Amino acid sequence: MKLTRRTLTTALAAASLASLLPGTALAQKKIVLGFSQVGAESEWRTANTESIKSSAAEAGIELKFSDAQQKQENQIKAIRSFIAQKVDVIAFSPVVETGWDTVLREAKAAKIPVVLTDRSVNSKDDSLYVTFMGSDFVEEGRKAGRWLVEKMKDQKGEVNIVELQGTVGSAPAIDRKKGFEEIIKADPKFKIIRSQTGDFTRAKGKEVMEAFLKADGKKINVLFAHNDDMAIGAIQAIEEAGMKPAKDITIISIDAVKGAFEAMIAGKLNVSVECSPLLGPQLMSAVKDIKAGKALPKRIVTEETIFPMEVAAKEFPKRKY
Ligand code: AHR
């Protein structure tokens, strides 16, 4: 549209009319969403942040985004600031499971609905949030366990497993461990000989794997990493120790990010269980539904699969993260 004195006057008149007539179509203001992200610890997290930012822009939702750098106190501060700013909806991916009740009660008292994305909280009061959308982490652990049991079904002797856990106290670390152990415990030949956190990062994954290799070296048959980034770091450690990843040590991880596909195509990672970070579109539609007064299910589970290295080259071009 050409900007003339007349169009300008009309636009200004509409704007002032909108402020005088709240509740009319003219006055429709953007929904404001406050989102507190865990951090930027992994390829998965970067894709998740990108999905949330781009979906908010597409949905016409104003996003107030805060990065907690893997610290719960930063998330609590961000949520309090969203409450003070009177945002319409608060969403967050809780870095750890416990310790949220007080701040969630503050949001409830301020009548600001809360959506949990990706990770849940461990609270007795589920009225503190509207819905939790994200993966079934216990099932992801089970998928990893089932794949291993099948792969090693003809192995007679012990299978020594080392485990790289995610962030201590986080839902994916607790649940993936639980699901994996639930499956492998059926056969006593499977033994987790070492288990330590690598905080979901490549650097820590490498560092902890170096320590595992120093302590147990050739005794290690399997690595179960709670995410791809730690597996990728560990692959480096295994190569530096003069061993062949995915051959001398079977490697199982979770997420199925592009980096994992590259490792599988290069023959260095055996399998990755899918955990989708593309939660943005679902979150924006939930935010709109909440504002429109629609009821939402308490739990929205993401559907996922598993990718062994044999299918990696074929699947890679279809990957979105
Ligand atoms: O909560 C999802 C987990 O967090 C992903 O598996 C991991 O990569 C991320 O950091």
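What you see is a predicted model; the values in this text were computed from it and never measured. Quick note: numbers below take in every heavy atom, side chains included, and nothing from hydrogens, waters or symmetry partners. Start at 1 and go down the list; that is how both ligands and their atoms are numbered.
Atom CG of L33 and atom NZ of K288 lie 11.5 Å apart (nearest 0.5 Å). Rounding to the nearest 0.5 Å gives a distance of 10.0 Å between OG1 of T197 and CD of E163.
A side-chain hydrogen bond (donor to acceptor under 3.5 Å, both in side chains) with R80 is found for exactly one of Q75, Q85, E106, namely E106. Under the side-chain hydrogen bond (donor to acceptor under 3.5 Å, both in side chains) rule, R176 has a single partner from E140, E181, H226, which is E140.
The distance from ligand 1 to the heavy atoms of S42 drops below 4.0 Å at these ligand atoms: 7 (C), 8 (O), 9 (C), 10 (O). Close contacts between ligand 1 and P172 involve ligand atoms 1 (O) [criterion: under 4.0 Å to a heavy atom].
The environment of NZ in K268 is sparse: at most 12 heavy-atom neighbours from other residues, nucleotides or ligands sit within 6.0 Å.
Which of R119, H226, E43 comes nearest to atom 4 (O) of ligand 1 through a heavy atom is settled by distance: it is R119. Scanning R45, E41, R176 for the heavy atom closest to atom 10 (O) of ligand 1 points to E41. Considering only non-hydrogen atoms, atom 7 (C) of ligand 1 lies nearest to N227 out of N227, V273, V257, I254.
Ligand 1 has at least one atom lying under 4.0 Å from a heavy atom of D118. Taking a 4.0 Å cut-off on heavy atoms, E140 fails to register as neighbouring ligand 1. By the 4.0 Å heavy-atom criterion, D255 is counted among the residues contacting ligand 1.
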Salt bridge (Lys or Arg N to Asp or Glu O under 4.0 Å), that's the test. Do R119 and E97 meet it? Break it down for me. CA-CA 8 Å; R119 301 181 182 180; E97 277 189 331; over 6 Å; no
